[in-house]
**Student:** 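Please read through the structure below; I'll follow up with questions.
Residue numbers begin at 1 in each chain, while the letters A, B, ... track the order of the sequences. Just so it is clear, the values below take in all heavy atoms, side chains as well, and ignore hydrogens, waters and symmetry mates. Keep in mind it's a predicted model, so treat the numbers as computed, not measured.
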Amino acid sequence: MFPHEEKFILKKLGREPNEVEKAMIEVMWSEHASYKSSRKWLKLLPTKNEYVILGPGEDAGVIKFDENTTIVVGIESHNHPSAVEPYGGAATGVGGIVRDILCMGARPIALLDPIRFGPLEKERNKYLFEYVVKGIADYGNRIGVPTVGGETEFDESLDGYTLVNVACIGIMHPNELVHSYVTESGLLLVLVGNKTGRDGIHGVTFASEELSENAEEEDRSAVQIPDPFTEKLLIEATLEAVKTGKVKALKDLGGGGLTCASSEMAGKKGFGTVIYADRVPQREPNMNVMEVMISESQERMLFAIREEDLEEITKIFEKYELEWTVVGEIIDEPRYIVYWNGEKVADLPINLLTEVPIIEWEIIEWEAGPYSVEKDVRTPEIVPQEAFLKVLSSPNIISKEWVYRQYDHEVQGRTVLKPGLDAAVLKINDEYGLAFVSDGNPSYSYLNPYHGAMACVVEAIRNLASVGAKPLALVDNLNFASPERPEVYWSFIETIKGLRDAANAFRLAYVSGNVSFYNEVNGKSIKPTPVVAALGKVKLEHITTMAFKDEGDLIAVVGVTNRELGGSELYRVLGIREGIAPRVDLKKEKENAEGILKAIEHGLVKAVHDVSRGGLAIALAEMAMVSGLGFEVDISKVPVEAKLSPLEVLFSESQARFIVSFEKENLEKLKEMFKDFAVIGEVKGREMVFKSNEDKLIRISVKEGRKIYGSLPKLLGE
Amino acid sequence: MPKFAVIVFPGTNCDFETVETIKKAGGKAERVWYKESLKDFDGVVLPGGFSYADYLRGGAISARAEIMEEVKELAKEGKPVLGICNGFQILTEAKLLPGALRPNKIPRFLCRWIYLRVAVTETAFTSFYKEGEVIRMPIAHAEGNYYANNLSKVRIAFQYSNENGEIIEDANPNGSLLNIAGISNENGNVLGMMPHPERASDRWLGSEDGLRVFKSMVKYAKR
């Protein structure tokens, strides 16, 4: 806590807080729980449109899918815990976001896991990667929620660290929405689920500081222990309880433990609460009141119910063999009171816990510093074939099959489009599906945080459009270093502005989000890493994939290719950190994404793929490798703005581009739909052939390409 | 219309979609909590999931639940009993089917679509198939490597194959003996299988091949 905060508390309280009160205030005032450094800027984000039922402010966002279907969505990070204990950190990250969805009254139906690591050559990074994946798999699989996608990225800036984000969606009938706050006094607070232990003590405070060099030894107790078995029972019991209509408020115990859940539940609409902390079932002997109040033990939920409904509701918990306890009650007076064995040990005005003042760090405009790296550099001259093999075999490009085969992505029987394509699609009813995707581009964001942030949004929208889905809503997860560093805080604000502008262009809203600061190792900042997850609606019969369908189909590129290789995969494999990040032209993005949706709706295209990491070369290769069909293209036909070398045409990561394949007879109609559209070749044979006029640039069989594409297990030494 | 119980143990997670699929196949179905009774049911499905979180071994604890005594009674009466994935593990642990499901040859969870060759059609669950037919459905398990000392008292129902129905090592995802994916008892009314037919019963999900397992079961229960 900062000195000025301590002064503020002293003034407001008129006395020094005691030890218990201080621990609770500290937890609630931590960056992770209070968003005190980010709240002012997050307000810039659009949060309303015709689909939004509930925007940010509760545990998850709620949107309308159709008259009978409401979708709940949220996103979380579990970076610090995963860096210390990858298995438990990643697993409890899944558990936490699932309970966020659950406590709105919805059944969790899918997870996405965007995860980031340092280079695999180092044992430590390999260890983090393998155990984060195992943590996600063991937890998600056991609770029966399919993990349908995500991203996996490796970058030297994350050496020894990991960014573990997780997004979840849930489904419910509109009537089943339960709020996280109470609107009447006298309600009983019932704690259900696991016993409270010493795990996760100070988890949020720990997530609000940089990790020390000895974090692995020192901070293990701040990482929670995962128990997916109890979580699964908690899911079924909660949904059954919600169905009775008698749950007045519901919150999961996450960051800040019982203190956070109960104070937010009571205080939001001006009520107070009395907590009898000694009643909380304890896993370990001799726990003190402070430990009980701030423990972040997992798989616990807090229900507010009327006394007359207690028996009916707790019968459900008993059926599922879950332990339950009445730990407190809601009172009219807006105070937060804690008893321990009959003794009053805390008595605070409740808003001291729930209304944390905003901090505004000094903002320093950039003149010099790391961001001057955004300068034009020359692309080295390399043989295209060699460059292609290098980029194709990059851990960021190769197939992530090794990862998603460990995830049960089919459970619940909804997964229409499986992992490994542009976006996952879940069947919602007999006519419509829900598309779900996440994107982050820290290498762009490092060079230019504003355009980097926009690139996340537009890439997600292009992914949705590629499968035929119209975007509905966004959620954002902002992973940054310490906000106390002026350059980090500046990049954070630029990121928010980018997210805002991109969403506004599509009239989209952010319905939920998460901010994770203090992501540093050994005093080094991570790259600004905004991650955006997007939801879209698609008619099942319109679902399209990137796989080429038939030989003889024409291949065209939509959009213009510029000399934009800053932050590209080509530059990364060549060790070039400078360059200029791709610029986002929102008007073009919108025109082209809408054009693609129209082309799909009219049945004019057979395969669609967005062009992103690795540029045209990789986009085409993926379409071939997924289908088994080859192609021959002439890249001199690609619409370009300035003069580009063939290498730059192949690997530029200019935005607003798609590749489509289609039958010849649809050519004229498609041409009319897009401003920038050029046929560059056709689906042909079993080889991937890139030419420039008559020069052969790249030639490799699809079979050989697939071997490289499938080389992740080899990289892991299997 | 025959009525089936889909048994839900703590940690079972494929119960809802299994109920839906039975209904689609023309039967009635209900989720039945493991402490309830199986009276008035014409057959039983033990669905997939992680009952008791696979503590001890997959299916080991569920197999010793009281409800399994009733399942054994139903099996003895000749009523259809189907175990899918974790349900198959429970059936072997309960000795309703011989053998065991060991950890996969690559010892981790594996979720992917595979081809199966239908080896026998004279069971309660395969009558809607043709012998030798090749079908497609997903697997999702970490312990599906079937082994038995003695196969004299079982019928091999499904075997992992390639697209052409050839039973080859390359098509074996988990190291199972003889590429076995599913077996039934001699009588044909108790069948366990690792692949998930309920996940291949909707054209949007990639295949409808699995639906015929349930159609066969419904028809058999009507006999």
Side-chain angles (χ1 to χ4, degrees), chain A residues 107 109 130 133-134 136-148 226-233 235-237 239-240 318-322 401-420 425-433 540-541 543 713 718, chain B residues 8-21 24 31 33-36 47-55 58 61 84-86 104 106-114 137-143 163 173-174 195-208 210-211:
Chain A
R107 173 172 291 280
I109 60 166
E130 289 179 353
V133 170
K134 189 162 169 48
I136 293 167
D138 278 359
Y139 205 98
N141 295 351
R142 277 173 168 71
I143 60 172
V145 180
T147 302
V148 297
D227 175 5
F229 180 60
T230 301
E231 180 101 342
K232 171 66 177 159
L233 296 173
I235 292 173
E236 298 307 330
L239 293 174
E240 221 170 290
E318 279 164 14
K319 169 182 160 187
Y320 288 97
E321 291 151 47
L322 290 166
E401 198 171 322
W402 183 90
V403 176
Y404 61 72
R405 290 277 170 258
Q406 296 185 56
Y407 300 154
D408 189 346
H409 48 260
E410 302 275 355
V411 64
Q412 295 194 21
R414 287 192 186 85
T415 317
V416 180
L417 285 194
K418 331 281 183 189
V425 175
L426 299 153
K427 185 182 166 190
I428 299 298
N429 55 43
D430 288 337
E431 213 183 335
Y432 284 98
L540 294 173
E541 62 191 41
I543 291 174
E718 288 183 359
Chain B
V8 184
F9 290 102
T12 295
N13 65 28
C14 302
D15 40 327
F16 289 97
E17 56 266 42
T18 302
V19 165
E20 287 314 306
T21 310
K24 200 170 168 181
R31 294 170 64 240
W33 186 241
Y34 78 110
K35 288 187 171 169
E36 292 165 18
F50 285 85
S51 63
Y52 294 98
D54 276 2
Y55 293 143
I61 299 177
I84 301 165
C85 197
N86 187 226
N104 296 349
I106 298 174
R108 61 171 171 251
F109 196 88
L110 178 65
C111 178
R112 54 172 284 213
W113 283 70
I114 44 87
M137 57 182 77
I139 55 165
H141 59 250
E143 297 172 6
E163 209 175 336
N174 54 23
H196 285 272
E198 82 284 6
R199 298 182 185 183
S201 294
D202 183 313
R203 69 182 176 114
W204 295 113
L205 302 184
S207 161
E208 285 184 291
L211 188 60

**Student:** Without swapping roles, check the side chain of Lys418(A) against the backbone of Leu205(B) for a donor-acceptor pair under 3.5 Å.
**Tutor:**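 Side chain of Lys418(A) to backbone of Leu205(B), a donor-acceptor pair under 3.5 Å: yes, one is there.
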
**Student:** Is Tyr55(B) in contact with chain A via its backbone, its side chain, both, or neither, using a 4.5 Å heavy-atom distance?
**Tutor:**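 Only the side chain of Tyr55(B) comes within 4.5 Å of chain A.
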
**Student:** Which heavy-atom pair separates Tyr407(A) from Cys111(B) by the least distance, and what is that distance?
**Tutor:**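 Looks like O-CB, 3.2 Å.
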
**Student:** In terms of heavy-atom proximity below 4.5 Å to chain A, should Thr21(B) be classed as side chain, backbone, both, or neither?
**Tutor:**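 No part of Thr21(B) comes within 4.5 Å of chain A.
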
**Student:** So, for Asn13(B) and Ile143(A), which heavy atoms are closest and what is the spacing to 0.1 Å?
**Tutor:**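 So the minimum-distance heavy-atom pair works out to ND2-C, 4.2 Å.
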
**Student:** By side chain to side chain donor-acceptor pair (under 3.5 Å), which residues pair with Arg112(B), not counting sequence neighbours?
**Tutor:**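 For Arg112(B) there are no side chain to side chain donor-acceptor pair (under 3.5 Å) partners, ignoring immediate neighbours.
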
**Student:** Should we say atom CG of Leu540(A) is surrounded by more than 12 heavy atoms from elsewhere, each under 6.0 Å from it?
**Tutor:**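 Enclosed: over 12 neighbouring heavy atoms sit under 6.0 Å from CG of Leu540(A).
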
**Student:** Sort Glu321(A) into side chain, backbone, both or neither according to what part of it lies under 4.5 angstrom from a heavy atom of chain B.
**Tutor:**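 For Glu321(A), the contact with chain B is made by the side chain alone.
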
**Student:** Do the side chain of Asp408(A) and the main chain of Gly49(B) share a donor and acceptor less than 3.5 angstrom apart?
**Tutor:**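 No; zero donor-acceptor contacts below 3.5 Å.
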
**Student:** With a 4.5 angstrom heavy-atom cut-off, is it the side chain or the backbone of Tyr34(B) that approaches chain A, or both, or neither?
**Tutor:**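 Only the side chain of Tyr34(B) comes within 4.5 Å of chain A.
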
**Student:** Between Glu17(B) and Gln412(A) (side chain of the first, backbone of the second, donor and acceptor by atom type, cut-off under 3.5 Å), is there such a pair?
**Tutor:**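 Yes: the side chain of Glu17(B) pairs with the backbone of Gln412(A).
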
**Student:** Phe16(B), Phe50(B), Tyr52(B): which one forms the most heavy-atom pairs within less than 4.5 Å of chain A?
**Tutor:**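 So the answer, after comparing Phe16(B), Phe50(B), Tyr52(B), is Phe50(B).
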
**Student:** Measure Ile235(A) against the heavy atoms of chain B and call it side chain, backbone, both or neither at under 4.5 Å.
**Tutor:**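 Ile235(A) has no heavy atom closer than 4.5 Å to chain B.
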
**Student:** With sequence neighbours left out, what residues match Thr147(A) under side chain to side chain donor-acceptor pair (under 3.5 Å)?
**Tutor:**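 In terms of side chain to side chain donor-acceptor pair (under 3.5 Å), with neighbours along the sequence ignored, Thr147(A) is linked to no residue.
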
**Student:** So how far is it from Cys14(B) SG to Glu410(A) CD, rounded to the nearest 0.5 Å?
**Tutor:**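 Here the rounded value is 10.5 Å.
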
**Student:** Against chain B, label Leu233(A) side chain, backbone, both or neither, depending on which of its atoms sit under 4.5 Å from a heavy atom there.
**Tutor:**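 For Leu233(A), the side chain is the part near chain B, not the backbone.
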
**Student:** Passes side chain to side chain contact (heavy atoms under 4.5 Å, CB included), Arg199(B) versus Thr415(A)? Steps please.
**Tutor:** CA-CA 9 Å; Arg199(B) 298 182 185 183; Thr415(A) 317; over 6 Å; no

**Student:** Could you measure the distance from the NZ atom of Lys427(A) to the CG atom of Asp202(B)? Nearest 0.5 Å is fine.
**Tutor:**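 If I round to the nearest 0.5 Å, the distance is 3.5 Å.
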
**Student:** Please classify the contact between Asp138(A) and chain B as side chain, backbone, both or neither, with a heavy-atom cut-off of under 4.5 Å.
**Tutor:**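 For Asp138(A), no heavy atom lies under 4.5 Å from chain B.
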
**Student:** Counting only heavy atoms not in Lys24(B) (residues, nucleotides, ligands), do more than 12 fall under 6.0 Å from its NZ?
**Tutor:**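 For Lys24(B), atom NZ is crowded (more than 12 foreign heavy atoms under 6.0 Å).
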
**Student:** By a 4.5 Å heavy-atom criterion (distance strictly below it), what part of Pro138(B) contacts chain A: side chain, backbone, both, or neither?
**Tutor:**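 The answer is the side chain of Pro138(B).
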
**Student:** Does Glu718(A) pair with Arg108(B) as a salt bridge, N-O distance under 4.0 Å?
**Tutor:**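 Answer for the salt bridge query: yes.
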
**Student:** Identify the heavy atoms of Asp54(B) and Arg142(A) that sit nearest to each other, and give their distance.
**Tutor:**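 Scanning both residues completely, I find the closest heavy atoms to be CB-NH2, 4.0 Å.
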
**Student:** Please step through side chain to side chain contact (heavy atoms under 4.5 Å, CB included) for the pair Glu236(A) and Trp33(B), ending with a clear verdict.
**Tutor:** CA-CA 12 Å; Glu236(A) 298 307 330; Trp33(B) 186 241; over 6 Å; no

**Student:** Applying side chain to side chain contact (heavy atoms under 4.5 Å, CB included) to Arg414(A) and Trp204(B), what does each step give before you reach the verdict?
**Tutor:** CA-CA 9 Å; Arg414(A) 287 192 186 85; Trp204(B) 295 113; over 6 Å; no

